[in-house]
> 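The structure follows.
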Amino acid sequence: MSGYTTEQLKELEGRFDIFFKLINKNTEVKILEIDESVPKEKSIIDDIKFIKVYDDKRYSIKIKDLVDNTDSKISKEFSIIYFFVNKLWDLYQDKNSTSFRLGMTKIVEWANDFLLELIDNRIDESHSEKINDEGIISHLDSISNSQYEGGSLEAKLLLISNQNISEHINLVIDFKELIPYQEIKKIRKVMEMCSDVIFAVGDKEGIYGLGYFKDYGEAFKYKLQDKIIFIHFNSKLDYDVKEVSFIKKKNISFTEEKEIVNWSYRESLIYKIRDNAIMLSDREFPKGKIRYFLNRIFSDIPDTNIDVLINIVQIASYQKHGTMLVVGTKDLAEEETDRLCNFQQAIKIKKINLIDMEESKRNIILNQISSIDGAIYLDSDGDVHGIGVILDGLANELGDSSRGSRYNSAIKYNNSRTEIKNNTLIIVVSEDGYIDIVVKEDEKYKHLLDSLWGKYHDEKYRQVIDEINKNKEDVTGIFDFNILHAIAHLQLKEYKESIELLKENLNTVPDHYYTYAYLSINKELLEEYKEALEYINKAIELKNIKSFMLIKARILKRLGRVEEYKEFVEDLYNNNPDDFDFKKLIEKVE
């Protein structure tokens, strides 16, 4: 059998890559034909790998920097990433499928298909013929969008079979009759009664009452985690699909000379829907920002070192209890580790070079050394000098009492001495996965940026440009300042200056959709419509949002591509028939 040609395989890889970049802009996809004798590789922490077969040939699909957050066995077997890969493979394996538009609307539709299968897979119970088979799926947006006395919805909904309710859930309020999800107002009132410990309890069809878990130990024993799913409603058009694992922790009571077992449960994100877009993690990994600061602090650092150091930060960020990494120059890292060891504030180790290490081994070592309290102290060459490092420094006005101790100790340490301030990059990963980057006077940039955006919104565009130029030594090349600088020039009709800055931004963050959108707007205003169309198409590939679609429609019209314009507008309207702006476009076509 022939399988895919090289050209078809490259096209297939491109389509997968575009699809997953819509979910996470840092993702990279590689698809290769593999020899039958090559064993299937085990997935490592920052790669997800698949073997797919077509025409008796085997292909490896490797997705980098897109990690499934879920932990349990059933999720690894039935994860949303596997679901998407299989959907895409089925879609493209006939080699001729070219009409499919990879838009966020379709991805969210697939996410709902996944959730429907997941609910059926876990709850596994028959449903009344009177209820729409989609049940809760068709009402999730309406429920999350509903208000009660002006307040937005914040509540948990546990999906579970009726049988498991009686065995594992204490219903503090048990409704005489199930409330179906299509009764949105009634459902919203019920959700208002939820709290941190009391959640709504229902199945695919509706809600039975409000309750909590009876016994975590019994739930673990009967593998309840494989039979339930949580939906968290956070606010308007913002909800999470989560799974649950039950955790056993043993403690020794020295007073009573016995072992005490404590049980709890932990929720893990499967995926998040926010404003009709899907996210596979709560936070976006700041890859571009880390790359910029590594280049800024360590001027001679090779690109290969930067790539691996970014990978090291990303692996460390998966540590469930948070962690901290300090990257310094070689001399400073050694000197500081020795100094802190003298005060019993670090564990010095024989240097381990993480950059030259085999990737799978690096992941194992990083997981081990980031699992203890304290920071990892390494240098820009990738040598780890110390672990369990407790940073010191005097309190200062840049600290924040609302933030965790890791963040405040990083701020104090960074500002303790000029030598440290000038030669270190500190990455703080909090327990909820939030990543802070602490560098020289980084707070100054934040205050300046906020001030400049305020002036921009007051239409003081020339003042914005003048202040950025005044602070050129500090802010040149920083992505956030460049984009603001560029759009201030755009507002003043200084299109060439704007384009130059935006292109510079692509060197820092190659796949930023707004950069491409602003390039398109500049080119459109210069009446260079072909280039404008290329840029807006790139923006849409990276992020399929309404404003970009409207720009594309306008450019197609100005190019005089009548048939293409009609087809595009009809497609927009058919996918979003209730959207007012798309309705206006279709009315003009008709």
Side-chain angles (χ1 to χ4, degrees), residues 286 288-299 301 306 309-310 312-313 316-317 322-348 370 373-380 383-432 434-452 467-468 470-481:
K289 193 174 180 183
I290 293 171
R291 181 179 297 279
Y292 165 75
F293 282 119
L294 286 170
N295 268 316
R296 185 187 125 200
I297 296 168
F298 311 107
S299 55
I301 189 170
I306 290 177
L309 286 167
I310 289 170
I312 287 167
V313 176
S317 73
T323 191
M324 182 157 53
L325 295 96
V326 184
V327 185
T329 58
K330 201 168 192 66
D331 291 343
L332 182 67
E334 188 154 1
E335 176 189 312
E336 278 296 282
T337 303
D338 286 340
R339 182 182 71 82
L340 291 163
C341 278
N342 290 337
F343 291 101
Q344 306 297 309
Q345 289 180 213
I347 302 168
K348 189 163 186 181
S370 61
D373 290 338
I376 299 168
Y377 214 126
L378 66 159
D379 61 40
S380 56
D383 285 326
V384 178
H385 294 258
I387 60 174
V389 178
I390 308 302
L391 302 179
D392 56 13
L394 297 173
N396 61 76
E397 71 276 7
L398 294 177
D400 185 345
S401 61
S402 68
R403 304 296 301 278
S405 58
R406 283 193 189 95
Y407 175 78
N408 281 299
S409 65
I411 290 285
K412 287 188 288 184
Y413 179 72
N414 184 252
N415 285 277
S416 60
R417 300 203 316 271
T418 303
E419 186 183 7
I420 291 171
K421 185 184 289 189
N422 290 338
N423 295 288
T424 60
L425 167 68
I426 307 175
I427 297 109
V428 183
V429 183
S430 66
E431 289 189 19
D432 62 359
Y434 192 91
I435 297 175
D436 276 301
I437 299 172
V438 178
V439 292
K440 177 186 176 182
E441 296 181 2
D442 193 25
E443 292 294 315
K444 173 186 173 182
Y445 304 146
K446 184 178 182 304
H447 295 313
L448 177 59
L449 191 62
D450 289 345
S451 167
L452 289 170
E467 285 200 35
I468 289 176
K470 180 183 173 184
N471 289 276
K472 185 164 60 176
E473 190 175 320
D474 286 332
V475 305
T476 295
I478 296 180
F479 178 87
D480 293 330
F481 287 96

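None of these values were measured; they are calculated from a predicted model.
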> What heavy-atom pair brings K348 and T337 nearest, and what distance separates the two atoms?
CG-CG2, 4.1 Å

> Answer yes or no: is there a side-chain heavy-atom contact under 4.5 Å between Y377 and T424?
yes

> Does E335 have any side chain to side chain contact (heavy atoms under 4.5 Å, CB included) partners at least two apart in sequence or in another chain, and if so, which?
R417, E419

> Is it the case that over 12 heavy atoms from other parts of the model lie below 6.0 angstrom from the CG atom of D373?
no

> To the closest 0.5 Å, what do you measure between CD1 (I297) and CG (N423)?
8.0 Å

> Going by heavy atoms in the side chains, are I376 and I312 under 4.5 Å from each other?
no

> For the residue pair D392 and K412, establish whether any side-chain heavy-atom pair is separated by less than 4.5 Å.
no

> Tell me the closest heavy-atom pair linking F293 and L425, and the distance in Å.
CB-CD1, 3.9 Å

> How many angstroms lie between atom CG of D383 and atom CD of E334, to the nearest 0.5 angstrom?
9.0 Å

> I would like to know whether R339 and E336 meet salt bridge (Lys or Arg N to Asp or Glu O under 4.0 Å); could you show each step before the answer?
CA-CA 5 Å; R339 182 182 71 82; E336 278 296 282; 2.9 Å; yes

> Check whether any side-chain heavy atom of L309 lies under 4.5 Å from a side-chain heavy atom of L325, and answer yes or no.
no

> Between L391 and S409, which heavy-atom pair has the shortest distance, and what is it?
CB-O, 4.2 Å

> Assess the residue pair M324 and Y413 against the criterion (side chain to side chain contact (heavy atoms under 4.5 Å, CB included)); give the C-alpha distance rounded to whole Å, side-chain angles, the decisive distance to 0.1 Å, and a yes or no.
CA-CA 12 Å; M324 182 157 53; Y413 179 72; over 6 Å; no

> Using 0.5 Å steps for rounding, measure from the NZ atom of K330 to the CG atom of L378.
10.5 Å

> Distance from H385 atom NE2 to D379 atom CG, nearest 0.5 Å?
3.5 Å

> In chain order, what residues pass the side chain to side chain contact (heavy atoms under 4.5 Å, CB included) check against A346, with sequence neighbours excluded?
L340, C341, V389

> How many angstroms lie between atom CD1 of I420 and atom OG1 of T329, to the nearest 0.5 angstrom?
10.0 Å

> Begin from the C-alpha positions of L452 and F481 and carry the test side chain to side chain contact (heavy atoms under 4.5 Å, CB included) through to its verdict.
CA-CA 9 Å; L452 289 170; F481 287 96; 3.8 Å; yes

> What pairs with I387 under side chain to side chain contact (heavy atoms under 4.5 Å, CB included), at least two apart in sequence or on another chain?
I347, I349, I369, I372, V384

> Find the distance between CD1 (I411) and CD1 (I426) and round it off to the nearest 0.5 Å.
8.0 Å

